[in-house]
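One structure below.
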Amino acid sequence: MKEFERLAKCLEAVRKKTDFVPDVALVLGSGLGGFASQVECEAEISYSEIEGFPRSTVEGHKGRFLFGRVNGVKTVVMDGRVHYYEGYPTKDVVLPIRLMRLMGAKALMLTNAAGGINPGFHAGDMMLIRDHISVLVPNPLIGENVEELGTRFPDMSSIYDKELSDAVLETAKGLGIELKEGVYIQTTGPSFESPAEIRMAGILGADAVGMSTAVEAIAANHAGMRVCAVSCISNLAAGISPTPLTHAEVQECADKNAPRFTALVKESLKAISSKL
Ligand code: HPA
């Protein structure tokens with residue numbers, strides 16, 4: 001089946017349940033699991049209800065779309081995302097992003113938990129993603145181009161929209177939250193990186209490392225969405241951290257900083273929507 005046909009089928013399944021047209025799409029990363037309470041929910045669809053949809057298998061990652069207003073902004077929320085390390089090709093990983101585009105979303109806000117590589121970072125910091133390195137994972141656009149969404153060879157010189165990103169930065173300032181800025185590198189996972197890999201990533205110009213986001217940003221940019229993204233630095237990366245890394249540590253730190261992260265995302269949505 002052609003990818004666009006598959007997407008059209010998924011959209012049909014969504015449209016059977018709701019005719020909600022979002023302005024903004026939001027992907028919740030680790031630590032924002034509780035964000036659902038911020039949504040004045042008009043409709044909810046489990047990923048399992050959509051035939052052909054990849055499902056999240058990670059603990060702490062639910063799998064559902066929420067539709068409703070967040071801080072007055074018409075938003076579709078992905079409560080739980082799918083990762084490459086779960087065994088899905090990156091084309092499947094980005095299917096939900098493309099689907100949210102077809103629902104009508106003009107902008108995408110991505111969030112995640114990430115390991116800090118920049119020596120100036122501490123656990124609990126927030127980082128605005130200004131650019132990314134995605135070459136360690138397969139490009140999600142590999143395969144027949146989905147002409148209905150975008151061109152074969154899309155430009156990626158400004159994946160993260162400057163105006164939206166600046167709006168997030170201003171929002172953080174207004175909230176008194178220090179927001180760092182930097183480059184995110186996506187690794188495949190599921191293992192954390194080795195110290196030598198983290199040194200390599202630092203030399204390549206990465207400030208933070210994680211197992212999601214970059215492929216989603218590529219697919220969104222290809223499909224003409226304006227993208228912004230924020231990482232919660234949940235730990236120092238391998239070799240920088242003096243202790244072995246665990247998923248529990250990542251989850252714990254992300255949970256601890258959830259109130260700040262939630263406030264930043266909630267206010268940012270409003271700022272972003274005013275630029276659309
Ligand atoms: N490495 C990769 N992914 C991550 C990390 C990390 O240190 N922390 C949170 N997600």
Side-chain angles (χ1 to χ4, degrees), residues 26-35 56-63 78-88 90 93-94 109-138 140 160 179-218 229-262 264-265:
L26 170 67
V27 179
L28 302 179
S30 303
L32 280 179
F35 193 87
S56 171
T57 58
V58 190
E59 223 182 293
H61 288 267
K62 291 192 201 92
M78 273 187 79
D79 193 11
R81 58 151 57 92
V82 178
H83 303 83
Y84 180 55
Y85 61 72
E86 293 176 75
Y88 296 102
T90 53
V93 169
V94 303
M109 183 168 197
L110 296 163
T111 66
N112 61 44
I117 298 174
N118 185 311
F121 288 2
H122 302 95
D125 281 348
M126 307 280 171
M127 185 190 90
L128 178 74
I129 301 180
R130 283 294 190 185
D131 204 350
H132 75 217
I133 298 170
S134 73
V135 293
L136 300 178
V137 288
Y160 300 89
L179 188 58
K180 313 262 189 184
E181 299 176 59
V183 172
Y184 176 93
I185 188 167
Q186 179 171 355
T187 55
T188 65
S191 57
F192 288 110
E193 303 70 35
S194 71
E197 286 162 354
I198 292 301
R199 278 196 301 279
M200 176 192 80
I203 290 165
L204 294 178
D207 298 288
V209 58
M211 304 173 193
S212 66
T213 303
V215 292
E216 297 163 344
I218 289 172
V230 179
S231 294
C232 172
I233 304 300
S234 55
N235 58 281
L236 297 180
I240 300 173
S241 167
T243 54
L245 304 182
T246 63
H247 180 60
E249 174 190 356
V250 168
Q251 195 66 52
E252 224 170 84
C253 183
D255 288 345
K256 203 170 92 186
N257 289 284
R260 277 193 322 141
F261 205 5
T262 298
L264 177 60
V265 170

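Both ligands and their constituent atoms are indexed starting at 1 by order of listing.
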Let me check something: any side-chain donor-acceptor pairs from residues 186-193 under 3.5 Å, sequence neighbours excluded? List them with distances.
{"from": "Q186", "atom 1": "OE1", "to": "A214", "atom 2": "N", "distance (Å)": "3.1"}
{"from": "Q186", "atom 1": "OE1", "to": "V215", "atom 2": "N", "distance (Å)": "3.0"}
{"from": "T187", "atom 1": "OG1", "to": "E193", "atom 2": "OE2", "distance (Å)": "3.0"}
{"from": "T187", "atom 1": "OG1", "to": "G210", "atom 2": "O", "distance (Å)": "3.4"}

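- Side-chain contact check for V94 versus I218: every heavy-atom pair is 4.5 Å or farther apart.
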What are the polar N/O contacts of ligand 1 with the protein below 3.5 Å, with distances?
{"from": "ligand 1", "atom 1": "1 (N)", "to": "E193", "atom 2": "OE1", "distance (Å)": "2.8"}
{"from": "ligand 1", "atom 1": "1 (N)", "to": "E193", "atom 2": "OE2", "distance (Å)": "3.3"}
{"from": "ligand 1", "atom 1": "7 (O)", "to": "N235", "atom 2": "ND2", "distance (Å)": "3.0"}
{"from": "ligand 1", "atom 1": "8 (N)", "to": "G115", "atom 2": "N", "distance (Å)": "3.3"}
{"from": "ligand 1", "atom 1": "8 (N)", "to": "N235", "atom 2": "OD1", "distance (Å)": "2.7"}
{"from": "ligand 1", "atom 1": "10 (N)", "to": "A113", "atom 2": "O", "distance (Å)": "3.4"}

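- The closest donor-acceptor contact from the side chain of T111 to the backbone of G29 lies under 3.5 Å.
- Listed here is the closest heavy atom pair of V209 and Y184: C-CE1, 4.2 Å.
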Which donor-acceptor pairs under 3.5 Å do the side chains of residues 117-126 make with protein atoms, sequence neighbours left out?
{"from": "N118", "atom 1": "OD1", "to": "G120", "atom 2": "N", "distance (Å)": "2.7"}
{"from": "N118", "atom 1": "ND2", "to": "D207", "atom 2": "OD1", "distance (Å)": "2.9"}
{"from": "D125", "atom 1": "OD2", "to": "H122", "atom 2": "N", "distance (Å)": "2.7"}

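- N235 is linked by a side chain to side chain contact (heavy atoms under 4.5 Å, CB included) to L245, E249, V250, counting only residues two or more places apart in sequence or in another chain.
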